[in-house]
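Notes follow the structure.
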Number of protein chains: 2
Amino acid sequence: MARPTIEDIARRVGVSKGAVSFALNGRPGVSEATRARILQVAEEMNWRPHTAARALGGARAGAVGLVIARPARTLGVEPFFAQLLSGLQAGLSAHSVALELLVVEDTTAEIEVYRRWASEHRVDGFIMVDLKVRDTRVDVVEGLGVPAVVLGGPGRHGSLSSVWADDREAMLSIVDYLAALGHRRIAHVAGLPAFQHTQRRMRALRDSARRHGLTDVSSLPTDFSDAEGAATTRMLLSRPGRPTAIVYDSDLMAVAGLGVAGEMGVAVPGELSIVAFDDSVLTRIVHPALTALSRDTFALGTEVAETMLALVAEPGLRRDRRTPTPRLAVRESTAPPALAG
Amino acid sequence: MARPTIEDIARRVGVSKGAVSFALNGRPGVSEATRARILQVAEEMNWRPHTAARALGGARAGAVGLVIARPARTLGVEPFFAQLLSGLQAGLSAHSVALELLVVEDTTAEIEVYRRWASEHRVDGFIMVDLKVRDTRVDVVEGLGVPAVVLGGPGRHGSLSSVWADDREAMLSIVDYLAALGHRRIAHVAGLPAFQHTQRRMRALRDSARRHGLTDVSSLPTDFSDAEGAATTRMLLSRPGRPTAIVYDSDLMAVAGLGVAGEMGVAVPGELSIVAFDDSVLTRIVHPALTALSRDTFALGTEVAETMLALVAEPGLRRDRRTPTPRLAVRESTAPPALAG
DNA sequence: GCCGACTACTAAACCGCTCTAGTGACTGGG
DNA sequence: CCCAGTCACTAGAGCGGTTTAGTAGTCGGC
């Protein structure tokens, strides 16, 4: 038999389609005896629901959408995304919800996809990342009437739910640590300034510097690429009064920076301490291993997934979930600064 | 208006649903004038097809499935997958086909997902990776009657289509190069021996060694993790008569190996040459940059996507596509072996 | 012994789209 | 002038579920 439908089951059991539907969905309207028989026959015939048919009736699509606006080629290099994806997967697949993934070039295209997917009834909700300072996506998605979870905060994300880690606290802990080691000239190789989290980190750095009375502290924006991370490092290390410590907004840039230091003969951690704002194998397999802010990105993903599922189950709900503040994993790339300097 | 349907359009234009359907799908049955009016109204009303409704009629689902059997946490670290994903995305989204991604624990679960998705009519085809030596998935998917593309070959993948790069040629070119530099003791830190591509590479290495008259050449299987890559390297470097060159089956393991060399005070490339069988930013940002087999994984992804789309459009088609043999990108990690040895 | 409430079910509408069979108007050939 | 053939379009059946309205049958209470 090609693909049994509930009609086939109904015929075989000798009841109506409706009864079968009730039985299979565990809702009242059939006796326990009948339900058992129906379930048994369904099992025998190896019946599976036809998702399209279900979705047509106005029910769930059984999938959530993740749209990432980045040049497609660069997605591959960020361990963060891959980890996040894994976590999302784990959280969603436990409930048999699929993840529809799409990488687009820019925010305009991203919005277009949200519109399309929503109207095509393709997904039950959206997951949004990389929130910008003044993000046009928020309004659009709010207007779509489809649940959405924003990764990142606290910040301007309107009425949408969010899951976030405390970037500010994290940055403060890094500066505290470096200052305690004796560093007074600290540079911050930041990410795209358009992003909310970049802004939060830059602000935290400034505040912390003031608190510690450090005057030679600065943030330098980049586009998150290893190329710009390396170029910025090269620039920092070749100017007089160079920093004794650099904080990188991603592990990838930190590793690129470490490469530059090696190339320029700057000893790490002897002459330069390096801290990465993100952790992954990357920071552990290089030599020296990098001190890094270790947040469990995988867990972050599962957290987002769960929030998403809760929202889908109960529309109108709003949830803001703060994940544990990441802690600093101290490795070999940080040490007190050289006395000269 | 909530969500316009073709019925709404039909009413507004003053024609029947059928006519609207014909017009919107560019098939004959309506005059050009009517078609133009319908398209215009559809545009005005911002109509979008309801994918579920379409799929219900027996048409396309508009998505293809990729199931990866790996411990979810490890997915994040392989640049290869992320790159591949990007390429797939690019190829599919150009035709508005979505990618349904699922990470499962093992092959049994993977097969279960294929079965479920096929019977749920959720996807139009499957993309399979990591083919094993005797892979049970092939038979199952063949029996499902859903088109599938296998990444990797040439090998046993039954009647399924495939896209592959020539691993054998690639390994031969690496050994040729190392032999030409003067290396005679070469080790190969391989991946999981259960995989077809691992077997092909190991066989190629053996054959090539014989051809070059090299006797001290061996392959050591690992699980592809950075941990086992590092451990194997440690073992290799600490035994007497250690290799002067190591070929790693992935860029991640190569970088891990480089870290071990640094830790053990073995100079690269002075005392040890390192070649990675995969390329990504990883190999370029470390210092020294690694000589690597550079295949365009992104392009591989788009190639797979196109093959998939062709198969969906024309069921029964079978295509075996060989991609360009990857070429060796020589960087700083390879040099002639030290004279002493 | 009748009414109302409840149970266990059936029949059929409905979701939005596709596609086939059918219809009326027009055209052209004999 | 009639008939076949084409064209442009309509009506409506189906796809596989969910859901609502309706209907027997049973039971309990007064």
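Proteins come first, then strands; the chains are lettered A, B, ... in the order of their sequence lines, and each starts at number 1.
- The shortest side-chain heavy-atom distance between A:Val41 and A:Val20 does not fall under the 4.5 Å cut-off.
- Of all the residues in residues 20-29 of chain B, B:Ser21, B:Phe22, B:Asn25, B:Arg27 reach under 4.0 Å from DNA chain C with at least one non-hydrogen atom.
- One interatomic measurement links the two molecules: CD1 of B:Ile6 to C1' of C:dC15, which rounds to 12 Å at whole-angstrom precision.
- When distances are taken from the side chain of B:Ala19 to each of D:dT10, C:dT18, D:dG17, the shortest belongs to D:dT10.
- Here D:dA8 is the nucleotide among C:dC17, D:dA8, D:dT10 with the atom lying nearest to any side-chain atom of B:Ser31.
- Not a single donor-acceptor pair, N or O on each side, falls under 3.5 Å between the base of C:dG16 and the side chain of B:Lys17.
- Closest heavy-atom contact between B:Met128 and B:Val138: CE-N, 4.2 Å.
- Other residues, nucleotides and ligands contribute at most 12 non-hydrogen atoms within 6.0 Å of the CZ atom of A:Arg134.
- No salt bridge links A:Arg322 with A:Asp320; every basic N to acidic carboxylate O contact stays at or beyond 4.0 Å.
- Taking a cutoff of 4.0 Å between a charged side-chain nitrogen and a carboxylate oxygen, B:Glu306 and B:Arg321 do not qualify as a salt bridge.
- A perpendicular orientation is assigned to the rings of A:Tyr114 and A:Phe126, their planes being inclined by more than 60° (bins at 30° and 60°).
- Nearest nucleotide to the A:Ala53 side chain, out of C:dT10, D:dG17, C:dG16: D:dG17.
- With C:dC9, C:dG16, D:dG17 as the candidates, the nucleotide lying closest to the side chain of B:Thr5 is C:dG16.
- Of the possible polar contacts, none joining the A:Arg27 side chain to the A:Phe22 backbone as a donor-acceptor pair under 3.5 Å is found.
- Counting non-hydrogen atoms under 4.0 angstrom, B:Arg48 reaches the backbone sugars and phosphates but no base.
- Rounded to 10°, the angle separating the first-five-pair axis and the last-five-pair axis of the helix from C:dG1-D:dC30 to C:dG30-D:dC1 equals 60°.
- The distance between atom NE2 of B:His50 and atom P of D:dC15, rounded to the nearest whole Å, is 19 Å.
- The backbone N or O of A:Ser159 sits less than 3.5 Å from a side-chain atom of A:Glu142, completing a donor-acceptor pair.
- Under 4.0 angstrom from either OP1 or OP2 of D:dC9 there lies at least one side-chain N or O belonging to B:Thr34.
- Between B:Arg48 and A:Glu112 there is a salt bridge, since a side-chain N of the basic residue sits under 4.0 Å from a carboxylate O of the acidic one.
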